[in-house]
Amino acid sequence: MGKTPISNRIRVLRAEHGDMSQGDLAARIGMTRQTVAAIEKGKYAPTLEAAFRIAAAFGVPFSEVFQYRADEDAAFLKRQKQTVKTDG
Amino acid sequence: MTFKEKSAWIMLAALIWIFGGYAWSLYEAGSFGAGTTDVMVVTIISFVALIVAAHIAAAIFSPKSANEAEDERDRRIELKADELGGFVLGLAALFALAVALFEGAYLTANILFLGLAASEIVKTLYQVFLYRRGA
């Protein structure tokens, strides 16, 4: 679990929602404060369910919380190169 | 630090202290074939007593984190670590099997041999089950 190609605006959203603490958010979504901190820093990619719970906790659409950076996804880029090669 | 991480540190320290000490005692005795059942039992009891005491102390000093349920990150880390630990256990079992065969201890060899096969059967059966049911 190193850096993920998924970025997020959780820190900004916490500030926008009454300066919610990481602990408060963690309690709302059933995670530990340390996991919320790891998600914010991009050190841990949550499951889809957990990610939707985070969005629901802020009352915003999923895409306002998480963004996917294909150009930083090594596994995706590798697949793209292989697809280009086989397509000729 | 989550309580699960604290627990992992406690286990790591206790394992190195108790089982490192046991291994050192074998080294000083001059043979890894030395040792008695009593010494092994005392080692296990010491280990269990140490980790129980350390976990209680950790819970007393950080009651909030001790009451937190483990989350998906804790479970994912534990699964990954279990995989690596299982690999080491498998290697140790293979080594024990080789030693048992070398010494002609066929009962021990068969237990290890069939035990390894049984673990692979359980693993592959569970894989098939999860593929069918949806993990």
Side-chain angles (χ1 to χ4, degrees), chain A residues 1-14 17-58 60 62-63 65-69 72-76 78, chain B residues 1-16 51-91 123-135:
Chain A
M1 274 178 283
K3 274 271 182 180
T4 85
I6 298 169
S7 63
N8 65 78
R9 297 179 59 246
I10 295 174
R11 195 183 181 107
V12 168
L13 287 163
R14 283 197 295 112
H17 285 71
D19 259 334
M20 192 192 294
S21 69
Q22 287 177 338
D24 284 341
L25 177 59
R28 287 183 195 210
I29 61 173
M31 285 185 164
T32 62
R33 185 199 66 75
Q34 290 82 359
T35 297
V36 169
I39 295 170
E40 278 188 18
K41 289 176 197 166
K43 285 186 174 180
Y44 174 71
T47 59
L48 199 55
E49 281 171 24
F52 272 109
R53 264 187 251 127
I54 292 170
F58 289 124
V60 299
F62 185 89
S63 55
V65 187
F66 294 98
Q67 299 80 42
Y68 171 67
R69 303 181 308 259
E72 291 189 26
D73 189 345
F76 177 71
K78 190 178 170 187
Chain B
M1 205 184 281
T2 62
F3 195 78
K4 286 290 286 187
E5 187 179 350
K6 284 176 192 160
S7 175
W9 279 109
I10 288 168
M11 292 292 286
L12 179 62
L15 284 163
I16 290 171
I51 60 170
V52 166
H55 277 93
I56 289 171
I60 289 169
F61 284 108
S62 48
K64 197 176 165 192
S65 70
N67 288 324
E68 270 175 343
E70 65 173 18
D71 65 11
E72 60 175 49
R73 181 169 155 257
D74 293 321
R75 283 189 291 276
R76 202 185 288 184
I77 287 172
E78 186 148 13
L79 270 172
K80 284 192 170 194
D82 272 343
E83 198 178 345
L84 188 59
F87 178 71
V88 173
L89 181 61
L91 278 179
K123 175 188 162 182
T124 49
L125 201 56
Y126 196 49
Q127 276 179 309
V128 164
F129 171 73
L130 290 173
Y131 275 120
R132 291 291 100 201
R133 191 199 70 168

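Every chain is numbered from 1 and lettered A, B, ... according to where its sequence line falls, protein lines coming before strand lines.
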A:R28 CZ: over 12 foreign heavy atoms closer than 6.0 Å: no
Go through the steps to decide whether A:Q34 and B:R73 satisfy the test side chain to side chain contact (heavy atoms under 4.5 Å, CB included), and finish with yes or no. CA-CA 9 Å; A:Q34 290 82 359; B:R73 181 169 155 257; 4.0 Å; yes
Please find the pair of heavy atoms, one from A:T32 and one from B:D71, that lie closest to each other, and give the distance. N-OD2, 2.9 Å
Within a 6.0 Å radius of atom CZ on B:R75, are there more than 12 heavy atoms belonging to other residues, nucleotides or ligands? yes
Residues that B:E72 engages under side chain to side chain donor-acceptor pair (under 3.5 Å), provided they are two or more places apart: A:Y44, A:T47
OH of A:Y68: more than 12 outside heavy atoms within 6.0 angstrom? yes
Side chain, backbone, both or neither: which part of A:A38 has an atom under 4.5 Å from a heavy atom of chain B? side chain
To the nearest 0.5 Å, atom OG1 of A:T35 lies from atom NZ of B:K4 at 12.0 Å
